[in-house]
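The first residue in the sequence is number 1, and the count goes up from there. As the structure is a prediction and not an experimental result, all values here were calculated from the model. Only this structure's heavy atoms are used, side chains among them; waters, hydrogens and symmetry mates stay out.
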Amino acid sequence: MEGGATLVLSQDTTLGHIVAMIYPYETSRNSAKPIFWGFFDSPADVVADKWLEKVVHDFAQCCRASSVVDQTAHRSDRLRMRWLELRSRVLLLRGRTRWFTKLIRAKPSLGKRIIKGISWLTALLTLPSIVATLMGITIPGLWDRLYPEPLAPDKPSLSSQATVATPLTEASRPVEATAQQVKAVNAEAKPEAKMPIISGWYTFCPSSGGESNLKLLDFLYDVRANAGKVAFFDVQIDIDCVLNSNPDYRATFNRVEEGGDVHYFMQVPLIQDGVGEAGKWISGDRDHSILRDMYSDNGSAIAIHKGDDSRNLVSRFQPHVEGSNDILFGPYAIKESSDDDAITFDLNAPFLEAAASQQAAEISRETHNSRRLPQPQ
């Protein structure tokens, strides 16, 4: 009599690995040892890539080769069984050391591997842009920080060169050399781009009176004009009439506060007759024709994020000060985005380079010295 032919899949309770073992037929005179077919990393790897079908096929060959009753056994079955026994000894030998254990892992499909490769490539390409955004500088500025240009060797001054190369008998060349020197000095002393300033005193409350400006689209106009830049804000907005009230999304202007962040929602009207009607919504020397370009079907929003104020020493956003005012002061990066026919301008305090930080500090001092917001025109 013979029996005991079994295909066993057993899982390790510690690491979750799966071992596949084949027990051939055994008789009362001959006891068979298990053949270790393979070690799988997880149960999901067993059913992937047709591994289970291969195990079952080898189990059938071992059954035919080890049976004394089955007359259908072929020579290839016995050779396959001998090969599996030899490989089983090698697997057990390698399994004595944890790091040399050969685990079978399912390979992802070609499509998944391509998508994963594209994801990694996209992440690598966007990494410099992300780092530059967090530091509040441009990608060329980040490149200059990582790879500064070597200092040029000392050269003799332009005045000494002009003195050596210019004959004293000619009166015109010293004048020409002086002009070149002035041009070179002016080129070297070219100032950095000045940080734009957005200032104003606005209100949500028509009955508040005073010097506050009801034309909140002036604020949206200035923010939109400086999108993609770091601008210095000196803005105060009266909110006592809308604080702690449910927003009316049918109104032209709304204010919503969520977790310390404040959103100003504005519905820009669709202007038909040009400058005359636009003057009702924006003031000062702002280009009235731009108001038509500011229109969007689902409105615009200015989102002020308070959580990044610690990135520099000047930026400070104070919502509902004493229950009556929002105060936005200092440099903020303006990022424009659009979704579902709505335009959003996110204001975040940036990291500043030394020159930009010094410029922001100077603007802050000048503002505190004057300490009077410009009046609406």
Side-chain angles (χ1 to χ4, degrees), residues 133 136 194-205 208 210-244 247 252-266 282-284 286 294 299-337 343-352 356-357 359-376:
T133 301
K194 188 176 181 180
M195 186 180 299
I197 300 176
I198 298 177
S199 62
W201 182 6
Y202 301 97
T203 182
F204 277 90
C205 311
S208 62
E211 300 177 352
S212 55
N213 186 359
L214 281 170
K215 298 181 179 179
L216 281 166
L217 291 187
D218 286 351
F219 185 33
L220 178 62
Y221 181 102
D222 295 340
V223 170
R224 178 182 180 274
N226 292 282
K229 303 177 184 178
V230 174
F232 193 99
F233 285 81
D234 183 17
V235 174
Q236 173 180 319
I237 301 180
D238 297 339
I239 59 167
D240 51 341
C241 64
V242 295
L243 194 63
N244 299 324
T252 306
F253 305 115
N254 274 294
R255 178 188 183 275
V256 176
E257 183 174 355
E258 296 177 347
D261 296 342
V262 173
H263 297 73
Y264 300 131
F265 296 98
M266 305 183 187
I282 57 177
S283 58
R286 297 172 178 85
M294 293 169 57
S300 301
I302 298 176
I304 308 175
H305 303 281
K306 182 179 175 63
D308 300 329
D309 284 1
S310 59
R311 289 181 174 179
N312 62 75
L313 300 176
V314 185
S315 298
R316 184 179 72 258
F317 175 55
Q318 298 174 285
H320 55 78
V321 176
E322 297 181 357
S324 60
N325 303 108
D326 288 342
I327 297 177
L328 180 64
F329 187 84
Y332 282 83
I334 305 173
K335 180 182 178 182
E336 179 181 1
S337 60
I343 302 175
T344 302
F345 298 93
D346 291 284
L347 307 186
N348 293 275
F351 293 104
L352 297 177
S357 180
Q359 187 178 156
E362 292 176 357
I363 298 175
S364 177
R365 283 194 298 269
E366 294 174 358
T367 304
H368 282 298
N369 291 336
S370 60
R371 203 58 276 167
R372 182 174 179 85
L373 295 172
Q375 300 180 11

Please determine whether a side-chain nitrogen of the Lys or Arg among K215 and D218 lies less than 4.0 Å from a carboxylate oxygen of the Asp or Glu. no

Atom of F204, atom of F253 and distance for their closest heavy-atom approach: CE2-CB, 3.7 Å

To the closest 0.5 Å, what do you measure between OG (S300) and OH (Y221)? 14.5 Å

Would you sort out whether K335 and N348 count as a side-chain contact (heavy atoms from CB on, under 4.5 Å), showing the intermediate values? CA-CA 8 Å; K335 180 182 178 182; N348 293 275; 5.6 Å; no

Min side-chain heavy-atom separation T252-M266 under 4.5 Å: no

For V262 and E257, which heavy atoms make the closest approach, and how far apart are they? CG2-CG, 4.0 Å

Spacing of CD belonging to Q236 relative to OG1 belonging to T203, to within rounding of 0.5 Å: 9.5 Å

Non-neighbouring partners of R224 that pass salt bridge (charged side-chain N to carboxylate O under 4.0 Å, His left out), sequence neighbours left out: none

Student check: side-chain heavy atoms of R255 and P319 closer than 4.5 Å: yes

Nearest heavy-atom neighbours spanning T344 and A303: CG2-CB, 4.4 Å

What pair of heavy atoms forms the shortest contact from E258 to H263, and how long is it? OE1-CE1, 4.4 Å

Where do N312 and Y332 land on the side-chain hydrogen bond (donor to acceptor under 3.5 Å, both in side chains) test, with the steps shown first? CA-CA 10 Å; N312 62 75; Y332 282 83; over 6 Å; no

Taking H320's backbone N and O only, do any of them form a donor-acceptor pair with N325's side chain (distance below 3.5 Å, no angle check)? no

Contact check, side chains of F219 and I198, non-hydrogen atoms, under 4.5 Å: yes

For the student: nearest non-hydrogen atoms of A360 and L352, plus distance: CB-CD1, 4.2 Å

Quick check for you: to the nearest 0.5 Å, what is the distance between D234 atom CG and S370 atom OG? 7.5 Å

Under a 4.5 Å cut-off applied to non-hydrogen side-chain atoms, are V314 and I363 in contact? no

Would you check if S315 and F233 make a side-chain contact, meaning some heavy-atom pair closer than 4.5 Å? no

What's the shortest heavy-atom distance between P331 and M195, and which atoms? CB-SD, 3.9 Å

Enter the distance from D326:CG to I239:CD1 here, rounded to the nearest 0.5 Å. 4.0 Å

Carefully, step by step, assess L347 and L328 under the rule side-chain contact (heavy atoms from CB on, under 4.5 Å). CA-CA 10 Å; L347 307 186; L328 180 64; 3.9 Å; yes

Spacing of OG belonging to S357 relative to CD belonging to E362, to within rounding of 0.5 Å: 10.0 Å

Report the C-alpha separation of F329 and F317 in whole Å, then their side-chain angles, then the decisive distance to 0.1 Å, and conclude whether the ring pair (Phe, Tyr, Trp, His ring centres under 6.0 Å) test is met. CA-CA 6 Å; F329 187 84; F317 175 55; over 10 Å; no

Spacing of L220 atom CG and I282 atom CD1 [to the nearest 0.5 Å]: 10.0 Å

Walk me through whether L216 and Y264 qualify under side-chain contact (heavy atoms from CB on, under 4.5 Å). CA-CA 10 Å; L216 281 166; Y264 300 131; over 6 Å; no

